[in-house]
Amino acid sequence: MENRFRKYTVSAISQLYGEEIDQSLVQLQETRNDFEGDLTLVVFPYLRFSKKPAEQTGEDIGKWLKENAEGVESFSVIKGFLNIVVRNSEWLELFKDIAGSDNYGFSSPAEDSPVILVEYSSPNTNKPLHLGHIRNNLLGYSLARILEANGNNVCKTNIVNDRGIHICKSMVAWKRFGNGETPDKKEEKGDHLVGRYYVKFNDEYNREIDSLVAEGMTREEASEKAPVLEEAREMLRGWEAGDKEIRELWERMNSWVYKGFDETYRSLGVSFDKIYYESETYKHGKRIVEEALNREILYKKEDGSVWADLTGDGLDHKILLRSDGTAVYMTQDLGTAVDRYEDYKFDKQVYVVGNEQNYHFQVLKLILKKLGYSWFDRIYHFNYGMVELPSGKMKSREGTVVDADELVETMYETAREMSEELGKLGDDTNTDKEMILRKIGLGALKYYILKVDPKKNMLFNPKESIDFNGNTGPFIQYTYTRINSILRKAGKKKECVDTRVEINKKEKDIIRRLSVFPSIVREAGITLSPSLIANYCYDLAKEFNQFYHDYTILGEKEKQKRDFRIELSFQTGYMLKNGMWLLGIDLPEKM
RNA sequence: GGUCCCGUAGUUUAACUGGAUAGAACGUGAGAUUCCGGUUCUCAUGGUAGGGGUUCGAGUCCUCUCGGGAUCACCA
């Protein structure tokens, strides 16, 4: 409908003022609630063509539309805003289109559609996932779905940082204190077990520093020379040299971690199409750096370390290989990027990584450019802010991180408590009940995180997120189950839309809301914002609830009206389901 | 100190990318409704950190000040 009016406006301007304008210049929006009308045209931009005051211009265009455009009931002009009232039959035609199309608002990718890689999660294998990763995973997963719905060929990737000094630290601690402990023996998730030894390493490290200081060493010196650290470094060198024993231990402990991660990913409901490992890509990175060194794009210091000079671009010097020849983070990321380009020839790559790495990605892009990769501009860093808790900031050093598994469990527990308090779900079997509660707990978590603008630091309040009222996931889930209940009672068959039926304001509001879904999906795809989808779902659910409150659906006597309302409910539920699907949120059929 | 991000009612947030009187939600106070599933609605309360600029029009763009965060490692 909006598109049609856009075209009408272009013709109106052309016929009235003899000026050909582009459709993008037409500012058409929903009429605000306080004014009479459905669509509003902003006429200010045309004043320079009409050479008349805003009111007069609005009147002219309004008159033209009334005479020439189909479906205009009436119009009014307030200041520079032309409010158009659209005929009810137009709305019903529109609704018929919506009801008649499958997956309204979704486009399916063709073979030659753009290829987009979405990287997210990117865990280190020395500790379990935490709240920050949750935001990352949810954003990444949702972005992938949104891009897919926009008709792109999307590949979800993950880069696992499975090598480096941090992993060696866990390994050293496990060798020293582990007594052959394994996840099976301990009945502990592997990632948690390994994470525990990482913490143990740091405890031991600090203890050794303290005792060295007590023996008269300076703190600075002590933190360099502590024996455990030496041992970890030795292990890293051994790892890079391919020492058999070290590699075996490394593989063994990593396998524990992967098993744990898989469980976490499953409980969060996210997945990947392709996983890259740093232990494989870093070699490629090193080759790339060495080649670039030969071509004198990079330079070597006297101590043997390799650097990129970025001062010409307003940045600093950046190290790419250590003096002992080992790789750094940037080295492997270069390798990963090139690997991926060779694998997929992507049109775009989206890195979902926290904003603390803004500098890193700025540098990555620049170095790719310097090295002559023409596609350097196709990588995009999707950065997001930190998650804080009501109790304060998360600091791993202070032990205030929130473990991902624990949080999911807490959400589930909270859902159960609330549900018991309300005394529902009585007659369902236990497994059904559990599944529903998982969906509610997880839906609450996901919705609460995704409705916020990713750029902003956010505060996560578990209690508030699971509220059944307000702008929350459970509220939308609840609306959906309510619709389902109505449809079950109605016999749930698809109704034909009779375009002669009379509709009221609320019904029109819902149709209008339904009709903008495609443009919201498109917008979310362009701006990469799941929050747009989240807020859309909330608005739709709220509008439906108002309608539900004011009018009866099943109790309506007139058959045509009743059928229409049932179909309207069906479409609303369908749209909620699709919208929430884009966020990776499941809607239970009952709750 | 350099660079980047952020600052909207008591709190959590939105604003169609420069459009109307800045919307919601939670909370608080008053009232109506409570029939398909836990409702919903109305009213009250209260906000763009501050100054200057750009123009028909600024939360949005520019600039300065103030506040918060990130980063500037031979960590990842």
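Lettering of chains follows the sequences in order, A, B, ..., and the numbering in each one begins at 1. The shown structure was predicted, so the numbers you read here are calculated from the model rather than taken from an experiment.
- The same atom, C1', is picked in G19(B) and in G23(B); the two are 15 Å apart, to the nearest Å.
- Taking the 5.5 Å centre cut-off and the 30° plane limit, the aromatic side chain of Phe81(A) is classed as stacked on A20(B).
- Shown here, G38(B) forms no base pair; nothing in the strands shown gives a Watson-Crick or G-U wobble contact with both key distances under 3.5 Å.
- Looking at heavy-atom distances under 4.0 Å, Gln29(A) makes contact with a base.
- When rounded to the nearest whole Å, the span between CG of Asp453(A) and P of G59(B) equals 19 Å.
- Taking the side chain of Tyr359(A) as heavy atoms from C-beta on, and the options G37(B), U71(B), A20(B), the nearest nucleotide is U71(B).
- Put simply, CD on Glu224(A) is 12 Å from C1' on A73(B), counting in whole angstrom units.
- With rounding to whole Å, Lys455(A) atom NZ is found 7 Å from C6(B) atom P.
- The pair Lys127(A)-Asp191(A) fails the salt-bridge criterion, with no side-chain N (NZ, NE, NH1 or NH2) lying under 4.0 Å from an Asp/Glu carboxylate O.
- Take the nearest nucleotide of RNA chain B for Lys506(A) and for Gln27(A): the residue whose nucleotide is more 5' is Gln27(A).
- At A14(B), none of the side-chain N or O atoms of Lys451(A) fall inside 4.0 Å of OP1 or OP2 (strictly under the cut-off).
- With hydrogens and angles ignored, a donor-acceptor pair closer than 3.5 Å exists between the side chain of Asn83(A) and the base of A20(B).
- With both ends at atom P, the span from C35(B) to A44(B) equals 28 Å, rounded to whole Å.
- Arg322(A) has a side-chain polar atom (N or O) that falls below the 4.0 Å cut-off from OP1 or OP2 of C75(B).
- Considering only side-chain N and O atoms, Lys52(A) lies nowhere under 4.0 angstrom from the phosphate OP1 or OP2 of C56(B).
- Heavy atoms of Ser122(A) sit nowhere under 4.0 angstrom from any nucleic acid atom.
- Proximity note for Ile78(A) (side chain, C-beta onward) versus A70(B), A20(B), A76(B): the nearest is A20(B).
- U8(B) has its base anti relative to the sugar, with a glycosidic angle deviating from 0 by more than 90°.
- Taking atom P in both G10(B) and G46(B), one finds a spacing of 10 Å when rounded to whole Å.
- Residue ring and base: Phe44(A) counts as stacked with G19(B) (centre distance below 5.5 Å, interplanar angle below 30°).
- With distances taken from any side-chain atom of Lys456(A) to the nucleotides C6(B), G19(B), C41(B), the minimum falls on C6(B).
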Pick out the pairs of N or O atoms, protein on one side and nucleotides 31-36 of chain B on the other, that lie under 3.5 Å.
{"residue": "C36(B)", "atom": "O3'", "partner": "Lys489(A)", "partner atom": "NZ", "Å": "3.4"}
{"residue": "C36(B)", "atom": "O2", "partner": "Leu554(A)", "partner atom": "N", "Å": "3.4"}
{"residue": "C36(B)", "atom": "N4", "partner": "Tyr548(A)", "partner atom": "O", "Å": "2.6"}
{"residue": "C36(B)", "atom": "N4", "partner": "Tyr551(A)", "partner atom": "O", "Å": "3.0"}

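- The listed nucleotides are A76(B), A14(B), G19(B); the one nearest the side chain of Asn161(A) is A76(B).
- For the C1' atom pair drawn from G47(B) and G7(B), the interatomic distance equals 13 Å after rounding to whole Å.
- Per the geometry, CG belonging to Asn535(A) stands 11 Å off C1' belonging to G23(B), to the nearest Å.
- No contact: Gln332(A) has no heavy atom under 4.0 Å from any strand.
- Following rounding to the nearest Å, Ile533(A) (CD1) and A14(B) (P) show an atom-to-atom distance of 15 Å.
- One can place CG of Asn471(A) at 14 Å from C1' of A15(B), the figure rounded to the nearest angstrom.
- Side-chain contact, His360(A) with Asp333(A): a donor N or O sits under 3.5 Å from an acceptor N or O.
- Between Tyr120(A) and Phe382(A), the ring centre distance reaches or exceeds 6.0 Å.
- The phosphate of U71(B) (OP1 or OP2) has no side-chain N or O of Gln357(A) nearer than 4.0 angstrom.
- Nucleotide A44(B) forms a Watson-Crick or G-U wobble pair with U28(B), both donor-acceptor distances falling under 3.5 Å.
- No contact: Ser519(A) has no heavy atom under 4.0 Å from any strand.
- As rounded to the nearest Å, A24(B) and U45(B) have P atoms that lie 14 Å from one another.
- Nucleotide C4(B) forms a pair with G69(B), judged by Watson-Crick or G-U wobble geometry with both contacts under 3.5 Å.
- With respect to the salt-bridge test (charged N to carboxylate O, under 4.0 angstrom), the residues Lys559(A) and Asp563(A) qualify.
- Taking only side-chain atoms of Asn545(A), from C-beta outward, the nucleotide of U40(B), A76(B), U13(B) with the closest atom is U40(B).
- With sequence neighbours excluded, the residues that form a salt bridge (Lys or Arg N to Asp or Glu O under 4.0 Å) with Asp60(A) are Lys52(A).
- Using a cutoff of 4.0 Å between basic side-chain nitrogens and carboxylate oxygens, Glu543(A) and Arg512(A) are not scored as salt-bridged.
- Across the strands present, A20(B) finds no partner; the criterion is a Watson-Crick or G-U wobble pair with both atom distances under 3.5 angstrom.
- Using the six-membered ring where Trp is involved, Tyr46(A) and Phe49(A) have ring planes that are parallel, under 30° apart on the 30 and 60° scheme.
- If you check the side chains of Glu119(A) and Ser122(A), you find a donor sitting under 3.5 Å from an acceptor.
- As a whole-Å value, the separation of Tyr205(A) OH from C75(B) P is 11 Å.
- Looking at the side chain of Tyr448(A), the nearest of the listed nucleotides U12(B), A76(B), G37(B) is U12(B).
- For the pairing with Glu278(A), the salt bridge (Lys or Arg N to Asp or Glu O under 4.0 Å) check across Lys286(A), Lys283(A), Arg163(A) returns one residue only, Arg163(A).
- Taking atom C1' in both U28(B) and G68(B), the straight-line distance is 29 Å, to the nearest Å.
- In this entry the distance linking CG of Leu39(A) with C1' of C16(B) reads 13 Å, nearest Å.
- Residues Thr527(A) and Leu236(A) both approach RNA chain B. Their nearest nucleotides, taken by heavy-atom distance, put Thr527(A) toward the 5′ side.
- Under the 3.5 Å distance criterion, the side-chain polar atoms of Thr57(A) are matched with a main-chain donor or acceptor of Pro53(A).
- With hydrogens and angles ignored, no donor-acceptor pair closer than 3.5 Å exists between the side chain of Ser531(A) and the base of A14(B).
- Gln362(A) comes within contact range of no nucleotide atom at all, as no heavy-atom separation falls under 4.0 Å.
- Between U13(B) and C36(B), the distance separating the two C1' atoms is 32 Å to the nearest Å.
- Ion pairing between a basic and an acidic side chain is recognised when a charged N comes within 4.0 Å of a carboxylate O; Arg233(A) and Glu230(A) show such pairing.
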